[in-house]
Amino acid sequence: MSKFTAVVTEDVAANRLLSKTVGAEGITLAATTAGGNPDFRSTGRLKKDEEITVTINNSPSWLVEAGEDIAAGATVAAGAGGVVVASETGFGYVAKEVKAGELASVIRSTTGGGSGQPGPKGDKGATGPAGPTGPTGPKGDKGDPGEVTKAQYDALAARVTALEGAG
């Protein structure tokens with residue numbers, strides 16, 4: 001479990017999505033804007049300018065107020081004021097049907113800003129050393145000798161004639 005302190009920049013109701021900003025003044029938290037990417041959720045009411053301790057417990061699900069009726073299994077995104085609403089794309093889905101104003105059990109399927117754009121391809125890097133030579137396999141069959149050409153036949157006939165004449 002990790003902890004850090006942050007300052008709340010606006011009044012936030014309990015069970016709302018929160019987004020973190022890091023700037024010259026330190027870490028600040030506010031309700032996630034509609035369509036934004038949440039970093040945390042509020043577990044109680046937060047007051048503007050209040051310094052709070054944020055505890056990260058890596059929970060895969062959050063209880064967040066539903067901004068509308070949402071069907072079981074629907075993908076959710078941040079709605080106005082940090083509530084969850086059904087969406088084509090989002091950061092998670094609801095485990096069961098929920099009515100507007102009720103607490104939705106949101107299963108997070110992405111963290112932070114989602115997948116984002118891939119970065120540029122890196123340099124190739126140096127070639128490593130050659131590995132050891134593997135064992136030599138068994139010698140193969142000699143194979144088909146093929147057809148004798150006319151030139152080969154004539155050369156052989158000339159040698160036979162020369163040998164018979166010599167002897």
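Everything numeric in this text was worked out from a predicted model, so none of it was measured.
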field: ring-ring contact (aromatic ring centres under 6.0 Å, His included) evaluation trace for Phe91 with Phe40
entry: CA-CA 12 Å; Phe91 68 94; Phe40 312 103; over 10 Å; no

Is [X] reaching over with its side chain to a backbone N or O of [Y], donor-acceptor style, under 3.5 angstrom?
X	Y	value
Arg16	Gly81	yes
Glu65	Ala104	no
Ser42	Asn15	yes
Ser2	Thr55	no
Thr9	Leu29	yes
Asp11	Lys47	no
Glu10	Ala31	yes
Ser87	Gly90	no
Arg108	Ser59	yes
Glu164	Thr161	no

What is the minimum heavy-atom distance between [X] and [Y], and which atoms define it?
X	Y	value
Glu68	Ala86	OE2-N, 2.9 Å
Glu25	Thr28	OE2-CG2, 4.1 Å
Ala95	Ala72	O-CB, 4.2 Å
Val54	Ala6	CG2-CB, 4.3 Å
Asp69	Ala100	OD1-N, 2.8 Å

Find out whether [X] and [Y] are in side-chain contact, i.e. whether some heavy atom of one side chain is under 4.5 Å from a heavy atom of the other.
X	Y	result
Val8	Ile52	yes
Phe4	Ile56	yes
Leu18	Leu46	yes
Val22	Lys20	yes
Ser105	Leu63	yes

- prompt: Tyr93: what forms a ring-ring contact (aromatic ring centres under 6.0 Å, His included) with it, not counting sequence neighbours?
  reply: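 Listed in chain order: nothing, the list is empty.
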
message: Nearest 0.5 Å, please: how far is OG1 in Thr32 from CG in Asp39?
response: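 The CG atom of Asp39 sits 6.5 Å away from the OG1 atom of Thr32.
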
Nearest-0.5 Å distance, NZ of residue Lys96 to CD1 of residue Ile107: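 Reported to 0.5 Å precision, the distance equals 11.0 Å.
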
- prompt: With hydrophobic residues grouped by side-chain heavy-atom distances under 4.5 Å, do Val12 and Val84 end up in a single group?
  reply: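 No: no chain of side-chain contacts under 4.5 Å links Val12 to Val84.
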
message: Using the side chain to side chain contact (heavy atoms under 4.5 Å, CB included) definition, which of the options Val64, Val76, Thr75 pairs with Val94?
response: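 Filter result, single survivor: Val76.
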
